[in-house]
Amino acid sequence: MTQLTTVVQQTLATMIKKYCSHAGCKSLIPLNERYCDKHKIRESHTSKSSDYSNMIHSSNRWRKTSRLYREANPICEQCLKASKEGDQSHGMINLATSVDHVKPLFAGGDPYDWNNLQSLCSFHHALKSQAEREQKKISHEAI
């Protein structure tokens, strides 16, 4: 009897719809879910090549460190540096969207040392990530 009840509950949970829990979203979703696909919390920062990096970035300690660092440093540090040097190639100073390791984890950077962290906007984070991917590829080809 309990197996039948469980099957019925699971079936009803997928058939019955409710609104997404995100404020103002009117998307209908299954009863047993909380958010629609657009508002689901995504796995933040998953690396295709490093289990160690994924373990660090998915930890509560990293989420707290990252949040506190970004609260203390809300402006992209590369945008600030460029504006102080008179470089107007990017054209504006942006709010930081992520916290990045100055010395990458794959190169032995300390994941929680504030001296190894920097707040970056999405533009500068993409530039740095691309440079790191190329550096990683070159170092792997040399081996």
Which atoms form the tightest heavy-atom contact between [X] and [Y], and what is the distance?
X	Y	result
Tyr69	Glu77	OH-OE2, 2.7 Å
Cys121	Thr97	C-OG1, 3.5 Å
Cys76	His124	SG-ND1, 3.5 Å
Asn73	Ala96	O-CB, 4.1 Å
Met92	Cys79	O-SG, 3.6 Å

Assigning hydrophobic clusters by single linkage (Ile, Leu, Val, Met, Phe, Trp, Tyr; side-chain heavy-atom cutoff under 4.5 Å), is [X] placed with [Y]?
X	Y	result
Leu68	Ile56	yes
Val99	Leu127	no
Tyr52	Tyr112	yes
Val102	Leu120	no
Leu95	Leu80	yes

Quiz item: With under 30° as parallel and over 60° as perpendicular, where do the rings of His22 and His39 fit, or are they tilted in between?
Solution: parallel
Separation of [Y] [atom2] from [X] [atom1] (nearest 0.5 Å):
X	Y	atom1	atom2	value
Ser58	Asp51	OG	CG	10.5 Å
Ser129	Glu134	OG	CD	11.0 Å
Gln130	Arg133	CD	CZ	4.5 Å
Asn115	Lys103	CG	NZ	13.0 Å

Under 3.5 Å donor-acceptor, [X] side chain and [Y] backbone:
X	Y	result
Lys136	Ala107	no
Lys18	Glu33	yes
Ser27	Cys36	no
Arg34	Cys20	no
Asn116	His101	no

Is [Y] close to [X] at the side-chain level, that is, under 4.5 Å between some pair of heavy atoms?
X	Y	answer
Tyr19	Leu28	yes
Leu117	Thr65	yes
Phe123	Gln78	no

Quiz item: Are there more than 12 heavy atoms of other residues, nucleotides or ligands under 6.0 Å from atom NZ of Lys81?
Solution: no
